[in-house]
Amino acid sequence: MSKIKNIVVLTGAGISAESGIRTFRDTGGLWEDHSIDEVATPEGYAANPELVLSFYNARRAQLSTVEPNPAHEALARLEQRLLEKGGLLTIVTQNVDDLHERGGAKNIIHMHGELLSQWCRACDTKFKSAEAFTLESHCPKCDAKGKVRPDIVWFGEMPYFMDTIEAHILNCDLFVSIGTSGAVYPAAGYVQMARGLNKQTLEINLDPSEGSYFFHETRLGKAGELVPVWVDEILNA
Ligand code: NAD
């Protein structure tokens with residue numbers, strides 16, 4: 001792996017599991033005891049906006065009770081060392097938490113939005129906020145009431161930064177997927193894109209993902225244990 005300078009890492013809910021944030025898969029299609037249809041679709045929001053806002057308020061509040069784990073920290077260390085060597089680590093995350101940032105990484109693409117970002121549908125402004133929003137809340141920019149929704153990409157909506165992500169995959173030497181079930185597209189298809197471009201590919205996951213057979217190598221186990229070992233391998237190669 002000594003020639004590897006440019007790495008794209010795709011992360012999913014599994015990398016934050018050891019920090020105490022539950023994945024989708026933990027409970028067979030439930031996320032923190034709610035059905036995904038209820039809290040992660042535009043239809044769910046239209047049907048019951050109070051429920052959806054309160055669900056994301058709780059997820060946002062939960063962030064202050066969790067800490068990055070050794071997997072997040074190891075990726076930050078890899079980013080720093082690659083930069084020093086003239087390389088680049090790009091973290092493409094499906095996660096809406098802020099644990100990569102708090103683990104020290106900087107080059108992060110949140111393709112499914114962020115819990116700490118809000119989106120006013122009245123003035124189409126996005127802004128950072130850790131506050132709880134309800135249907136009584138006013139947009140801090142345009143003052144419209146009840147129009148602020150979580151800046152989260154729900155099922156059926158277009159993920160963010162697709163062109164940028166594809167350009168990074170095109171330019172990488174190695175594509176690594178960590179803690180993702182490979183069930184949610186387009187993220188699940190990135191390994192096939194990487195293979196089509198003759199990139200090296202590695203998966204680190206607790207269980208084999210749905211697209212496991214596309215990877216050159218799969219390492220099964222906890223991200224908090226396996227990611228620091230893999231980072232050391234790359235840095236010592
Ligand atoms: P997922 O729940 O579908 O899959 C999680 C994967 O992580 C599973 O394959 C599981 O085997 C693996 N896993 C569990 N614990 C692990 C560990 N300790 N180490 C390594 N792997 C582990 O999640 P996903 O693939 O990210 O996809 C679905 C969607 O879930 C995303 O769109 C994301 O926005 C959303 N989500 C995000 C969070 C978060 O921000 N932390 C939490 C739940 C869901």
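Remember, it's 1-based here, ligands and their atoms both numbered in the order they're listed.
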For ligand 1, which atoms have a heavy atom of [X] less than 4.0 angstrom away?
X	value
Glu18	17 (C), 18 (N), 19 (N)
Gly179	5 (C), 6 (C), 7 (O), 21 (N)
Val184	27 (O), 28 (C)
Arg22	42 (C), 43 (C)
Gly221	19 (N), 20 (C)
Lys222	19 (N)
Ala17	15 (N)
Gly12	26 (O)

Residue and atom name of the nearest protein heavy atom (relative to [atom]), distance in Å to one decimal:
atom	value
atom 16 (C) of ligand 1	Gly14 O, 3.4 Å
atom 41 (N) of ligand 1	Asp97 OD2, 2.8 Å
atom 9 (O) of ligand 1	Asn205 ND2, 2.9 Å
atom 26 (O) of ligand 1	Ala13 N, 2.7 Å
atom 21 (N) of ligand 1	Leu206 N, 3.2 Å
atom 33 (C) of ligand 1	Gln94 O, 3.1 Å
atom 11 (O) of ligand 1	Asp207 OD2, 2.7 Å
atom 35 (C) of ligand 1	Phe24 CZ, 3.7 Å

Query raised in the report: Can Glu233 and Arg219 be counted as an ion pair, charged N to O under 4.0 angstrom?
Result: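 A salt bridge links Glu233 with Arg219.
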
Query raised in the report: Can Asp98 and Lys128 be counted as an ion pair, charged N to O under 4.0 angstrom?
Result: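 Here Asp98 does not pair with Lys128 in a salt bridge, since their nearest N and O are not under 4.0 Å apart.
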
Backbone of [Y] reached by a side-chain donor or acceptor of [X] within 3.5 Å:
X	Y	result
Arg149	Tyr45	no
Glu136	Gly146	no
Glu79	Lys106	yes
His110	Asn95	yes
Asp151	Glu114	no

Query raised in the report: If you group Ile, Leu, Val, Met, Phe, Trp and Tyr by side-chain heavy-atom gaps below 4.5 Å, do Phe214 and Val8 land in one group?
Result: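 They do share one cluster, since a chain of ILVMFWY contacts under 4.5 Å joins Phe214 to Val8.
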
Query raised in the report: Which part of Ile21 is near ligand 1, with near meaning a heavy atom under 4.0 Å away: side chain, backbone, both or neither?
Result: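 For Ile21, only side-chain atoms sit under 4.0 Å from ligand 1.
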
Requested in this report: With heavy atoms under 4.0 Å as the rule, classify the contact between Ser181 and ligand 1 as side chain, backbone, both or neither.
Outcome: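 Within the 4.0 Å criterion, Ser181 contacts ligand 1 through backbone and side-chain atoms alike.
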
Output yes when the distance from some N or O of ligand 1 to some N or O of [X] is under 3.5 Å, and no in every other case.
X	value
Ala223	yes
Val96	yes
His112	yes

Query raised in the report: Can a non-hydrogen atom of Ala188 be found less than 4.0 Å from any atom of ligand 1?
Result: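 No, Ala188 has no heavy atoms under 4.0 Å from ligand 1.
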
Report task. May I ask whether Arg59 has any heavy atom positioned less than 4.0 angstrom from an atom of ligand 1? Result ->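 Under 4.0 Å: no for Arg59.
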
Query raised in the report: Is the count of non-hydrogen atoms from other residues, nucleotides or ligands lying under 6.0 Å from Asp163 atom CG greater than 12?
Result: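 No - once you tally the heavy atoms of other residues, nucleotides and ligands closer than 6.0 Å, there are 12 at most.
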
Query raised in the report: Just checking, is any N or O donor in the side chain of Glu67 or Ser19 under 3.5 Å from an acceptor N or O on the other one?
Result: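 No pair is found: no donor N or O on one side chain lies under 3.5 Å from an acceptor on the other.
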
Query - Pro70 to Gly224 - nearest heavy-atom pair and separation - result: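 Here Pro70 and Gly224 meet closest at CB-O, 3.5 Å.
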
Report task. Locate the shortest heavy-atom distance separating Ala132 from Asn57; write the atom from each residue and the value. Result ->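 Result for this residue pair: CA-OD1, 3.3 Å.
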
Query raised in the report: So Ser181 and Ser209, side chain to side chain donor-acceptor pair (under 3.5 Å) or not? Walk me through it.
Result: CA-CA 5 Å; Ser181 59; Ser209 70; over 6 Å; no

Query raised in the report: Run the ring-ring contact (aromatic ring centres under 6.0 Å, His included) check on Phe127 and Trp119 step by step: do they pass?
Result: CA-CA 7 Å; Phe127 56 94; Trp119 180 13; over 10 Å; no

